[in-house]
Student: 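Structure in structure tokens, see below.
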Amino acid sequence: MKGNRLYKCEKLCSRTAINGLFAGGRSVVAYPLRAVVMLHETPGGKQAVARFMITVPKKKIRTAVGRVLQRRRIREAYRLNRALLLPGLADNGCCVDIAFLYMDSNIADYAKIEKAMKVILGKISALAGAVKEAGNDAVD
């Protein structure tokens with residue numbers, strides 16, 4: 001995959017994968033974002049190394065315009081900063097499924113979201129390295 005664009009294969013849209021993610025994933029928090037993460041071994045097929053989804057709850061931001069705005073900002077922050085995550089995953093030979101959840105009840109500006117995204121992606125990369133050091137039996 002070339003460039004900074006997001007491909008269809010990077011979307012987490014399988015109902016079973018999403019249910020498994022929320023049932024057995026680990027949580028990483030950098031306010032106003034929370035990420036639920038599940039690491040697993042890299043399959044032999046053409047699956048993306050990192051798949052993600054974004055959730056902005058209606059309970060937190062009532063208007064659809066506000067929810068879409070936050071979703072766009074989170075997607076853009078991930079798109080521009082995923083280079084912090086992908087090399088660490090490739091070195092450790094694992095894939096990751098990520099669900100980004102927006103926790104604030106106010107609309108945050110892009111700089112705040114990008115700062116939180118960088119922290120979360122760094123923590124996920126470190127988590128992949130820790131799993132690799134612990135051995136392949138620790139991978140979910």
Side-chain angles (χ1 to χ4, degrees):
M1 289 183 239
K2 296 180 181 180
N4 278 337
R5 72 172 278 202
L6 291 172
Y7 292 88
K8 169 71 173 153
C9 63
E10 294 181 78
K11 286 185 180 180
L12 181 63
C13 50
S14 167
R15 190 174 294 253
T16 55
I18 293 169
N19 289 339
L21 174 64
F22 284 109
R26 300 175 186 175
S27 184
V28 177
V29 177
Y31 196 78
L33 295 176
R34 179 171 78 103
V36 180
V37 179
M38 178 167 285
L39 295 163
H40 42 87
E41 293 180 16
T42 305
K46 283 185 132 182
Q47 184 178 0
V49 176
R51 296 185 303 172
F52 75 101
M53 66 176 282
I54 300 168
T55 304
V56 181
K58 189 174 183 178
K59 187 174 184 179
K60 297 289 184 179
I61 298 182
R62 299 297 295 173
T63 63
V65 172
R67 288 193 302 275
V68 170
L69 175 67
Q70 288 308 105
R71 209 172 297 124
R72 285 180 180 166
R73 287 178 177 173
I74 294 168
R75 188 182 313 119
E76 183 70 3
Y78 174 76
R79 184 184 71 85
L80 293 176
N81 295 300
R82 67 181 166 184
L84 300 172
L85 175 68
L86 296 180
L89 292 174
D91 292 343
N92 296 317
C94 57
C95 295
V96 66
D97 291 340
I98 310 169
F100 294 107
L101 305 160
Y102 187 73
M103 298 188 309
D104 198 1
S105 58
N106 298 320
I107 296 176
D109 60 341
Y110 176 76
K112 189 174 182 180
I113 291 173
E114 185 178 30
K115 184 177 176 183
M117 182 64 69
K118 287 179 180 179
V119 171
I120 286 175
L121 294 178
K123 287 181 180 180
I124 294 171
S125 184
L127 183 65
V131 167
K132 180 67 174 179
E133 289 174 7
N136 288 336
D137 58 322
V139 177
D140 295 332

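When a residue number appears, it is its place in the shown sequence, counting from 1.
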Student: May I have the list of side-chain donor-acceptor pairs in residues 109-121 shorter than 3.5 Å, sequence neighbours left out?
Tutor:
residue: Glu114; atom: OE2; partner: Asn81; partner atom: ND2; Å: 3.4

Student: Which distance, rounded to the nearest 0.5 Å, do you find between the CG of Asn106 and the CD of Gln70?
Tutor: 9.5 Å

Student: For Lys58, check side chain to side chain contact (heavy atoms under 4.5 Å, CB included) against everything at least two apart and list the hits.
Tutor: Arg62, Arg67

Student: Which value, rounded to the nearest 0.5 Å, describes the distance between Met38 atom CE and Asp97 atom CG?
Tutor: 7.5 Å

Student: What heavy-atom pair brings Cys94 and Val49 nearest, and what distance separates the two atoms?
Tutor: O-CG1, 3.8 Å

Student: Going by side chain to side chain contact (heavy atoms under 4.5 Å, CB included), name the residues that satisfy it together with Asn4, two or more places apart in sequence or in a different chain.
Tutor: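 Partners of Asn4 by the side chain to side chain contact (heavy atoms under 4.5 Å, CB included) criterion, ordered by chain and then number, come out as Arg79, Leu80.
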
Student: Just jot down the side-chain hydrogen bond (donor to acceptor under 3.5 Å, both in side chains) partners of Ser14, sequence neighbours excluded, or say none.
Tutor: Thr16

Student: Could you list the cluster mates of Tyr31? Members are the ILVMFWY residues connected by side-chain heavy atoms closer than 4.5 Å, either directly or through other members.
Tutor: Val29, Met103

Student: Kindly compute the distance separating NZ (Lys60) from OG (Ser105), expressed to the nearest 0.5 Å.
Tutor: 6.0 Å

Student: In the structure I gave you, are the side-chain heavy atoms of Leu39 and Leu89 within less than 4.5 Å of one another anywhere?
Tutor: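 The answer is yes; the side chains approach within 4.5 Å.
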
Student: Determine yes or no for a side-chain-to-main-chain donor-acceptor pair under 3.5 angstrom, with Arg73 supplying the side chain and Ala108 the backbone.
Tutor: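 Yes, Arg73 side chain to Ala108 backbone: donor-acceptor pair under 3.5 Å.
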
Student: Would you name the heavy atoms of Leu21 and Ala99 that are closest together and state the gap between them?
Tutor: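 Heavy atoms only, the tightest pair is CD2-CB, 3.6 Å.
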
Student: Distance from Asp104 atom CG to Arg34 atom CZ, nearest 0.5 Å?
Tutor: 14.5 Å

Student: Who passes salt bridge (Lys or Arg N to Asp or Glu O under 4.0 Å) against Arg82, sequence neighbours left out?
Tutor: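 For Arg82, the residues satisfying salt bridge (Lys or Arg N to Asp or Glu O under 4.0 Å) (neighbours in sequence not counted) are Glu10.
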
Student: With sequence neighbours excluded, tell me which residues meet side-chain hydrogen bond (donor to acceptor under 3.5 Å, both in side chains) with Thr63.
Tutor: none

Student: Out of curiosity, Ile98 CD1 to Ile124 CD1, how far, rounded to the nearest 0.5 Å?
Tutor: 4.0 Å

Student: Show me the pairs that pass ring-ring contact (aromatic ring centres under 6.0 Å, His included) and involve residues 79-102, at least two apart or across chains.
Tutor: Tyr78-Phe100

Student: For Val36 and Gly25, work out which heavy atoms get closest and say how close.
Tutor: CG1-CA, 4.1 Å

